[in-house]
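So you know, we letter chains A, B, ... as the sequences are listed, proteins then strands, and number each from 1. Quick note: numbers below take in every heavy atom, side chains included, and nothing from hydrogens, waters or symmetry partners.
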Amino acid sequence: MNDPRVEKKKLIRYFNRYLDIIPTVHQSSDVYKPGLIYYSLSGLSILYDNDGDYKNFVQEFKKNGSSTTIKSLFKIFDNKNDQNAIAGFIPTLTVLDTKPSNLNLSATFFSLLSLCILQEIDFLKDSDKYKIKNFVSKCQDLENTGGFVSYLDILGNPNNRLSGSQVDSIDLRFCYIAVSILYICGCKTILDYKKWIDTDKLLNFIFMDCYCKNTGGFGNGVEPHAGYTSCALGTLKLLGVKLPTTEMKNDTLSWLVHRQLTILANDSELKTDSEWYDSIDCGGFQGRENKFADTCYCFWCLNSLELLGDEMEKGSFMSLVDLKAVESYLLDVTQNKLLGGFAKNNANDPDLYHSFLGLAALALISGKFDSVLCVPKVCLK
Amino acid sequence: MSIQQEQYTFDDLDLSNVPPIQDNSNHKLDHHHPRELCKILYSKDYLHTLKIFNALLNSNEYSKRSLYITKQVIQLVPAYYTAWNFRFHILQKLMALSDTENEITLDKELDWLDEFTLNNPKNYQIWSYRESLIKDTVSFPNQHSLKRELPIIELMIDDDTKNYHVWSYRKWCVKYYQDYTNEWKFCDKYIDRDVYNNSSWCHRMFILENMILVSTPIDRLSLIEKETKYTMEKIDLAPQNISSWNYYRRLQLLLLNNGTDNHKKNINLQNSIEFANRFNTTSSYALEYLAFAYSALDSQKYRTQILEIYQCLVTKYDPIRANYWKYKISELE
C-alpha cells in the first residue's frame, strides 16, 4: 500500500486494537471471533505487503505464539471409526467442545485463512485435513437443493447420522466457504472435489436456484446481490467451471459494471428525484440496484469482476470500471482519517469488516490480493 | 407465559462438567503466555448463561427450562446457530409429549419470533428457523397459513423497504403455500411508495413469471401487455430509473420468448424503440434499452445505430463506464 492517501500507521493501530481486546458491548460477536481475527490479520498483511515487512510480521506473531488462539479452536470428533471422523473449528471457547454440532464452516474457513496468513497451516496433519473434508461433505444438502448449510444438526438425520442442520439457511456463502475449505485441504481438480461433495448438485443449485436470469448476477434467484455474486463466481473458479452460456457472462458483466455509481452532472439532462441518489457516492459501488454506495460492495463487485475476467484472455474485467474513482471514494470518502479504518459510507463510524474490505478492494486494484481465496497474495508465496 | 412462570432453577446442574470458560478479562499481558487474539471482555452474566446452556446441551435435556435458556442465549448472541438448532428440537420433543399443560404451540413460538424479529432486523437465522418450523407439519399439524406470515413480513418491509432476507422469505412463503393472490397489491404498494425500489420490481417479475407458467397463451399476452402499460407509466414518472427499465426489458424478453410470430415480435420491438426514443436525452437506461432492442431486431442492420448509442454513453451519458462501452464497441468490430 504505497498510496500516500492510505493512513497506514493509523490502520495498523486500528487492526491491532481489535486483535488485543474486544469490549463487552461486542460480546454478541462471540461466534464471529474467527472472522474478526481473519479481518484483522488479513488487513495487517495487506499493509505489510512487501516481502520484508510481511516476514517480520509473521516472525513477530510466531514469537508471541498468537496462533494458539486459533489452534485452540480446532476440534476432532473421532468415533473410533476413521470413515466417520470429522474435524473443524468451533467459533469460540465459550461454546461446548463435545458436540460436533458446534463446529462451523465459517469458523473453519476463517481459521484456516488466518493460519495461512500466519504461515502456520502446517499445524494440520493430512489426517486432520481428511476429517475436515469429511465435515464439509456432511454440510451439503443432498436431499433437495445441493447447496450447503454451515453446521451439523444436533440430532442428525432420522438415522442419527451426522447431517446438515435442519434450521440453517442453504446459502451461496456457505457453498463458497465449503469449496474453499476443500481447496485449502488439498482438493485441486473436479475429481478431487467429487470425492467429498456432489458437484453436479451444487452447480445445479448455483445455476438454477441462485442465478438471476435476464438481469445477470447471483442472489436468491430473484434479486441479484454483489456479495452472493462473488461467492458464486469464487465457487465456480475453484471448481474450474465456466459460466455455461455467453448470455450469462455478458449479463453478469453488465450487471457488475453498472453497480458503480456515477454523478449526474448539473449541466446534464439526466435527472433523478431518487432518495437513493447521493452525489458523494460517485465512484463507489452499490450491492444492488438503486441502493447507496458501500465500502464492502466496492470489494465484492471488483472481486467478482476479477473472478469473471480472467476467463477471457483480455485481462481483468476490473479495468472496465473507473478504478481511479473507486480509489477516491474509498480513500477520501469512507476512510476515517482521524481514527483510522474505513466505514460503510461517508456517514458511519469505521468498523472492522469495512476496514478490511476497503483495504482489500484497494489491494485488488493494485494486483496484490487473491480474489479466489480472499487473502493477500504475499501470504500464498 | 408470565414472567413468574419463567423462573426456572438450575441449581441441580453440574457446571463443572461443561468445558470451563476462562474468564481472564483481568489477565495481565505477560511474556510467559501467548498473545490471545481478539480477547472479548465477557460480562459475568454472559458467561453464566452460556455455562447453563452448555450443561443442558451436554446432558441432552429437552425441557421447558432448556427452552427458556435458549431464548436467553439467542438474545445475548443472536447468531449462535446451536441455540436456534437446540430450540427447534426442544419444541419438537415438547410437542410430541402432547401434554395439555405444556402450552407449547406453533402460534406462540411465532409470536415470540415476531417480536424478536422486530428487534433484530438484520439477523438472518430467524428466517430459516421460521421456515423449518412451518415445514415441520408433523410436529406442528394444522396450525399454519400464509395469512399468519403476511403481517410480520409487511411490518419488516415497511420499516426497511429493501430488506433482502425479508423479500427472500416472502418469495419462499408464496412458493410454499402456492398462493400468489396477495402479491400484485403488495408490489404495487412499495412501487407506489418508491418507484426506485428494486426489491419490489424483482419480486414483481418473479410473480409475473409464475403467473405466466400457469396461464393460457392468450392470457399470457394480455398479462404482459398490462404490465408493459404499467411499466411505461412508471418510466414516465422517473425516466432515469434502472429498476423500471430492467423490468421493461425483461417484459420484452418474455414477449420474444412467448410464442408470437416473427412479424409480431418485430412490431413489438419497433413500438418499444419508439417508446424508448422519447427518453433518449433524459435517461441513459433508455439509450441502453435502445441498443438492446436494435440488437434483438438485427444487430447487423442496425450496427450504426448501436455504435452511435455506445459512443453517446462514452462521451456524454455514462462516462464513468467509458471503458465498458468501449469494450462493447470493440466486440461489435
Side-chain angles (χ1 to χ4, degrees), chain A residues 18-24 26-28 30-33 36-37 40 64-66 68-70 93-99 101-102 104 150-151 153-155 165-169 214-215 220 222-223 225 257-258 260 262 269-276 288-291 319-322 325, chain B residues 18-19 21-22 34-43 46-47 50 54 57-58 76-82 84-86 88-89 124 127-129 132 162 164 167-168 171 194 196-199 202-203 205-206 238 240-243 246 250 253 281-284 317-318 320-321 323-324 327:
Chain A
Y18 273 96
L19 280 175
D20 280 334
I21 293 285
I22 312 263
T24 309
H26 295 311
Q27 70 185 1
S28 65
D30 201 8
V31 293
Y32 293 131
K33 199 192 264 189
L36 305 181
I37 295 174
S40 311
N64 61 28
S66 309
T68 315
T69 311
I70 305 160
L93 292 178
T94 50
V95 307
L96 195 66
D97 61 3
T98 56
K99 291 271 181 188
S101 53
N102 268 329
N104 185 285
S150 64
Y151 63 95
D153 204 86
I154 292 178
L155 293 183
S165 163
Q166 298 179 35
V167 303
D168 199 14
S169 58
N214 293 334
T215 59
N220 58 4
V222 174
E223 186 178 17
H225 183 288
V257 297
H258 278 85
Q260 188 168 34
T262 184
E269 289 165 274
L270 303 182
K271 296 217 167 20
T272 181
D273 57 351
S274 171
E275 58 175 300
W276 304 91
R288 290 180 268 157
E289 286 89 336
N290 285 323
K291 298 266 287 179
S319 61
L320 300 187
V321 298
D322 190 335
Chain B
V18 300
I21 299 161
Q22 289 174 325
R35 179 186 182 189
E36 185 183 345
L37 299 181
C38 293
K39 181 158 78 183
I40 298 177
L41 303 178
Y42 301 113
S43 68
Y46 179 88
L47 291 176
L50 261 287
N54 287 346
L57 180 65
N58 199 35
L76 285 167
V77 220
Y80 183 26
Y81 44 96
T82 306
W84 290 100
N85 192 198
F86 194 27
F88 181 69
H89 290 304
Y124 68 88
W127 303 104
S128 58
Y129 177 74
S132 307
K162 299 176 178 182
Y164 199 75
W167 281 101
S168 298
K171 172 200 165 189
D194 174 16
Y196 297 93
N197 186 332
N198 193 57
S199 302
C202 288
H203 190 72
M205 183 49 75
F206 160 70
Q240 183 63 5
N241 178 4
I242 194 168
S243 299
N246 277 347
R250 295 176 76 179
L253 283 168
T281 60
T282 51
S283 169
S284 61
Y317 291 100
D318 200 28
I320 200 159
R321 269 168 284 280
N323 289 347
Y324 173 70
Y327 165 79

Under 3.5 Å, is there a donor-acceptor pair between the side chain of [X] and the main chain of [Y]?
| X | Y | answer |
| --- | --- | --- |
| B/N54 | A/T94 | yes |
| B/R321 | A/Q260 | yes |
| B/N198 | A/N290 | no |
| A/T24 | B/S43 | no |
| B/Y46 | A/S28 | no |
| B/S128 | A/V167 | yes |
| B/K171 | A/N220 | yes |
| B/N323 | A/S319 | yes |
| B/Y81 | A/V31 | no |

Q) Just by distance, with hydrogens left out, do B/W84 and A/D168 show a side-chain donor and acceptor under 3.5 Å apart? A)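 Looking only at side-chain atoms, A/D168 and B/W84 do not form any donor-acceptor pair under 3.5 Å.
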Margin query: Under a 3.5 Å cutoff, is there a donor and acceptor pairing between the side chains of A/T215 and B/N246?
Written below: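 Per modelled atom types, A/T215 and B/N246 side chains form no pair under 3.5 Å.
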| request: Report the option among A/L36, A/T262, A/T272, A/V257 that has the most heavy-atom pairs separated by less than 4.5 Å from atoms of chain B. | output: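 Greatest number of close heavy-atom pairs with chain B: A/V257.
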Legend entry - Selection from A/D322, A/V321, A/I70 maximising heavy-atom pairs under 4.5 Å formed with chain B: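 Top count of heavy-atom pairs under 4.5 Å with chain B: A/D322.
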_Plane angle bin for A/H258 and B/Y324 - parallel if under 30°, tilted between 30 and 60°, otherwise perpendicular_ =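 It falls in the perpendicular class, over 60°.
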A/E223 and side-chain hydrogen bond (donor to acceptor under 3.5 Å, both in side chains): which partner among B/S199, B/S243, B/S168?
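Of the listed options, the one satisfying the test is B/S199.
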Worksheet item: Which heavy atom of B/I320 sits nearest a heavy atom of A/A325, and at what distance?
Response: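 Where B/I320 meets A/A325 most closely, the heavy atoms are CD1-CB, 4.3 Å.
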Next on the checklist: Minimum heavy-atom separation for B/H89 and A/D153, please, with both atom names.
Outcome noted: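 What the structure gives for the nearest pair is NE2-OD2, 2.5 Å.
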For chain A, the option from [options] that forms the most heavy-atom pairs under 4.5 Å:
| options | answer |
| --- | --- |
| B/D318, B/D194, B/L253 | B/D194 |
| B/L50, B/V77, B/T281, B/N197 | B/T281 |
| B/Y164, B/F206, B/F88 | B/Y164 |

Side-chain touch [X]/[Y], heavy atoms, less than 4.5 angstrom:
| X | Y | value |
| --- | --- | --- |
| A/D30 | B/L76 | no |
| B/L41 | A/I22 | no |
| A/E275 | B/Y196 | no |
| A/N214 | B/M205 | no |
| A/K99 | B/T82 | no |
| B/Y80 | A/V95 | yes |

Using non-hydrogen atoms and a 4.5 Å limit, figure out which bit of [X] sits close to chain B: side chain, backbone, both or neither.
| X | value |
| --- | --- |
| A/Y151 | side chain |
| A/T68 | side chain |
| A/T98 | side chain |
| A/V222 | both |

Atom group of [X] that falls short of 4.5 Å from chain A, counting heavy atoms:
| X | answer |
| --- | --- |
| B/K162 | both |
| B/Y317 | both |
| B/S284 | both |
| B/L37 | both |

Give, for atom CD1 of A/I37 and atom CD of B/E36, the distance between the pair rounded to the nearest 0.5 Å.
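Reported value, rounded in 0.5 Å steps: 8.5 Å.
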**Asked** Stepwise, does the side-chain contact (heavy atoms from CB on, under 4.5 Å) test hold for B/C38 with A/L19?
**Response** CA-CA 4 Å; B/C38 293; A/L19 280 175; 4.1 Å; yes
field: From CA spacing to verdict: side-chain contact (heavy atoms from CB on, under 4.5 Å), A/S169, B/Y124
entry: CA-CA 8 Å; A/S169 58; B/Y124 68 88; 3.8 Å; yes
